[in-house]
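Here is the structure we will look at, set down as structure tokens.
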There are 2 protein chains.
Amino acid sequence: MLVCNCKQISSDDVTRMVSGMPPEVEIDRLAEFFKVFGDPTRLRIIYYLSCTELCVHDLSALVGMQQSAVSHQLKILRLNRLVKSRKEGTMVFYSLDDRHVDDLYATALAHIREQ
Amino acid sequence: MLVCNCKQISSDDVTRMVSGMPPEVEIDRLAEFFKVFGDPTRLRIIYYLSCTELCVHDLSALVGMQQSAVSHQLKILRLNRLVKSRKEGTMVFYSLDDRHVDDLYATALAHIREQ
DNA sequence: ATAATACATGAACACATATTCATATAGGAG
DNA sequence: CTCCTATATGAATATGTGTTCATGTATTAT
């Protein structure tokens, strides 16, 4: 790996940086994970589920979208282990399934609220 | 806003949830912000900049992408105030410009590393 | 002046993604 | 059984996004 010498970065430093880099698989999973939060509809769903457990119908009423759209998004959230579901009769109740969600939410909110 | 009564959620609770919901503009900015982290190339750039200040040429060598691609991504990072730039002659040095970046990175990494 | 280097940017293209529509499945009521 | 409700899912479509290519701008050197 060649690097220009504009700042005279030693090849040791380069080696350290490159080897400290998380493996590609992890970077990809990380990107995938952030992408899940990168959609307003999913963020609204996450917000409402942070208030209380909700069924799909209630969620779609609250976010003002069709049931199908909400189901599709819930599947993405489920696959990324951000929500879990519980079946009760014909209904499925969803709730948050990750203690990191609130942290991420709060940190990101702090960022965008700074000027 | 109508909600089914499968869990007998009081209309007071609904009002509280709905009014506690961040305004649409904020949700959109939040999604936009997370979207910035939702790309492997940008995550790699962020990682290298978390090690040290770097010029565009070095960055493109490190991430193994064309200078143009890196410039495009740096613009996105700059517009979202995650990196700042400093000009020195013909070169432009980039560095991280947000104290929340490390937090987000660490929290998300903790999530994906759990099982 | 010209040449060379560093970076930025617009256009184009390929690919991903969110929503809608239609339909399928599954459970409960009659 | 049939009907209805709740949810899931595949296909289609419109929109968004990342990369490349070509080119533009700016600074330095000769």
Could you state the atom-to-atom distance from [atom1] of [X] to [atom2] of [N] in whole Å?
{"X": "Ile45(B)", "N": "dC7(C)", "atom1": "CD1", "atom2": "C1'", "answer": "14 Å"}
{"X": "Met65(A)", "N": "dC21(C)", "atom1": "CE", "atom2": "P", "answer": "11 Å"}
{"X": "Leu74(A)", "N": "dT9(D)", "atom1": "CG", "atom2": "P", "answer": "11 Å"}
{"X": "Ile76(B)", "N": "dT17(D)", "atom1": "CD1", "atom2": "P", "answer": "8 Å"}
{"X": "Met91(A)", "N": "dT5(D)", "atom1": "CE", "atom2": "C1'", "answer": "10 Å"}

For [N], take OP1 and OP2 only and decide whether either is under 4.0 Å from a side-chain N or O of [X].
{"X": "Gln73(A)", "N": "dT19(C)", "value": "yes"}
{"X": "Thr41(B)", "N": "dT19(D)", "value": "yes"}
{"X": "Lys75(B)", "N": "dT9(C)", "value": "yes"}

* **Linked hydrophobic residues, Val25(A) as query - side chain contacts closer than 4.5 Å** =>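 Traced through the cluster, Val25(A) reaches no other member.
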* Classify every nucleotide of nucleotides 22-30 of chain C by which part a protein heavy atom approaches to under 4.0 Å, writing B for the base, S for the sugar-phosphate alone and - for neither, in 5'-to-3' order. => B----BS--
* Asked: For DNA chain C, whose closest nucleotide is more 5', that of Arg44(A) or that of Ala69(B)?
  ->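 With Arg44(A) and Ala69(B) compared, the 5'-side residue is Ala69(B).
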* Structure fact -> Note: for Gln66(A) and Glu32(A) on DNA chain C, the residue whose nearest nucleotide lies more 5' is Glu32(A)
* Side chain of His72(B), base of dT20(D): donor and acceptor closer than 3.5 Å? -> yes
* Asked: For Tyr94(A), which contact category applies under a 4.0 Å heavy-atom criterion: base, sugar-phosphate, or nothing?
  ->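 Sugar-phosphate, no base atom in range.
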* Structure fact -> Across all chains, not counting sequence neighbours, the side chain to side chain contact (heavy atoms under 4.5 Å, CB included) partners of Met91(B) are Cys6(A), Phe93(B)
* Partner set under ring pair (Phe, Tyr, Trp, His ring centres under 6.0 Å) for Phe33(A), not counting sequence neighbours -> Phe37(A), His111(B)
* **side-chain hydrogen bond (donor to acceptor under 3.5 Å, both in side chains) involving Ser71(B) - partner list, sequence neighbours excluded** =>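 Partners of Ser71(B) under the side-chain hydrogen bond (donor to acceptor under 3.5 Å, both in side chains) test: Gln67(B).
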* Structure fact -> Residues at least two apart in sequence or cross-chain that pass salt bridge (Lys or Arg N to Asp or Glu O under 4.0 Å) with Glu24(A), listed by chain then number, are none
* Asked: When Ile45(A) is tested against each of Leu54(A), Val83(A), Leu74(A), Asp39(A) for side chain to side chain contact (heavy atoms under 4.5 Å, CB included), which residue passes?
  -> Leu74(A)
